[in-house]
Amino acid sequence: MANTVKVSPTADAEYYRTLSRESGFSPLLVLDCERLRQQYRSLVAALPGVDMYYAIKSLPNMDVLHTLAAEGAGFDIATSAEAEMLAQVAVSPRHTIHTHPIKRPRDIIDALRYGCTTFVVDNPEEIAKFEPYRQRVSLLLRVSFRSPSALVDLSRKFGCAPQEVDTLLDEAARLGIHVKGLSFHVGSQSLDSSQQVKAIDTCNALIRARHARGLPPLSVLDIGGGFPASYGQGEVDIEAYCEPIRAALDRLPEFVNVLAEPGRFLSAPSMTGVATVMGRALRDGRWWYYFDDGVYGSYSGQLFDHTHYPLEVFSDSAERFPSVLSGPTCDSIDVIAEDLELPELQIGDLLVGHSMGAYTAASATDFNGFPRARVVLVNQHMDEALTG
Ligand SMILES: *Cc1c(COP(=O)(O)O)cnc(C)c1O
């Protein structure tokens with residue numbers, strides 16, 4: 001995958017210049033709270049009746065949490081640090097699930113202290129960790145469904161095989177630990193929803209089989225995250241993506257309550273990166289532009305998340321030159337995009353990266369002493385704007 005680079009007239013840069021000037025800082029990540037709300041609402045509309053738990057790891061930002069809490073979202077946490085963030089948000093701990101299949105003792109203690117009582121497990125050792133807390137917790141059993149078409153196949157690392165479900169449920173029952181349902185995560189940025197549909201249907205069969213045997217009902221199905229974001233290859237039609245999922249959910253028994261853990265779909269479009277050319281050099285006939293953000297910073301997702309963001313530069317010239325967009329650090333891996341034909345850029349010009357909310361700031365470092373992008377907010381909620 002490669003970045004697409006759009007060249008826009010310099011007048012279009014004015015919005016970003018103003019933000020940059022007002023904040024007195026570069027690089028920036030501009031968080032558009034209204035876009036975040038729109039994403040949330042469109043997913044809720046595409047999956048009616050499904051309770052949403054935002055996966056904090058995709059963009060662990062307090063303003064994102066406040067904005068989504070105000071929309072009525074629940075939250076998906078994986079660590080003590082994420083529970084700590086949530087403790088500062090006006091949301092009931094009841095609307096929190098802990099979904100890391102492998103937990104340190106502290107993660108369990110801190111999540112319980114926060115008030116989260118739903119945890120995900122996928123193996124006997126992990127089930128046994130809940131024996132001391134069996135009066136207070138209920139578990140979800142994570143089932144693995146391999147997803148070769150997903151950009152990031154999360155079922156490689158976690159989840160039990162569907163054939164193991166019965167044995168693990170029996171093991172939990174033996175220890176007196178309540179397992180209230182099943183969960184899965186088909187992987188991030190799935191290209192279509194067929195894997196989710198297959199996973200729902202398999203879980204449906206498991207739930208029905210146990211019910212038919214008169215065993216305690218599995219009354220929760222957590223369909224995970226993986227809802228795709230657009231990275232410049234056309235808009236994702238979430239309504240169309242979710243249609244087969246809705247049909248599969250309609251086939252579940254009445255008593256099953258459905259949850260989802262969207263991360264990327266909510267966070268990705270909500271942030272725009274703004275970096276500045278800090279220096280340039282003509283090397284072997286190519287213009288190298290060095291920006292103050294790169295793959296050790298907001299563009300870290302290009303390495304860790306295998307994502308390339310739609311880029312935008314600004315010029316009124318029709319002339320094009322071979323160009324490289326580089327990050328600021330002294331490491332040669334720190335290149336955002338190359339093999340480009342771009343208009344000539346000057347020191348101080350801007351690079352805008354779109355759909356940069358998910359797995360960007362989350363995995364940014366300050367390697368080499370270059371500070372991470374500062375987050376600036378636009379379109380905060382009305383009443384926040386009035387009181388804040
Ligand atoms: C990362 C993760 C998510 C979010 O995945 P997205 O692809 O960003 O939607 C949800 N649930 C679990 C358990 C995860 O690890």
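Counting starts at 1 for both ligands and their atoms, following the listed order.
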request  = Verify whether one side chain among T118 and K180 offers a donor that lies under 3.5 Å from an acceptor in the other.
outcome  = yes
Which of the ligand 1 atoms, numbered from 1, are nearer than 4.0 Å to a heavy atom of [X]:
X	answer
R142	13 (C)
A55	3 (C), 4 (C), 10 (C)
Y359	1 (C), 4 (C), 5 (O), 6 (P), 8 (O)
G226	5 (O), 6 (P), 7 (O), 9 (O)
R264	6 (P), 8 (O), 9 (O)
K57	1 (C), 2 (C), 3 (C), 14 (C), 15 (O)
T99	13 (C)

query = Do the ring planes of Y290 and W288 sit parallel (below 30°), tilted (30 to 60°) or perpendicular (above 60°)?
reply =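 Ring orientation of Y290 relative to W288: parallel.
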ask   = Do D107 and H100 have side-chain heavy atoms sitting under 4.5 Å apart?
value =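 The answer is no; the side chains never approach within 4.5 Å.
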query = Is it true that atom CD of Q346 has more than 12 heavy atoms of other residues, nucleotides or ligands lying nearer than 6.0 Å?
reply =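 More than 12 within 6.0 Å, yes.
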request  = Check each heavy atom of V120 against ligand 1 and say whether those closer than 4.0 Å belong to the side chain, the backbone, both or neither.
outcome  =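 No part of V120 comes within reach of ligand 1.
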[X], any N or O under 3.5 Å of ligand 1 N or O:
X	answer
D76	yes
E261	yes
G263	yes

message = For Y231 versus A268, what's the shortest heavy-atom pair and its separation?
response = OH-CB, 3.7 Å
task = Dump the intermediate steps for side-chain hydrogen bond (donor to acceptor under 3.5 Å, both in side chains) on T10 and D316, then the final yes or no.
result = CA-CA 6 Å; T10 49; D316 299 320; 2.4 Å; yes
ask   = Is the centre of the F255 ring less than 6.0 Å from the centre of the H211 ring?
value = yes
ask   = Taking the six-membered ring for Trp, are F370 and Y296 ring centroids under 6.0 Å apart?
value = no
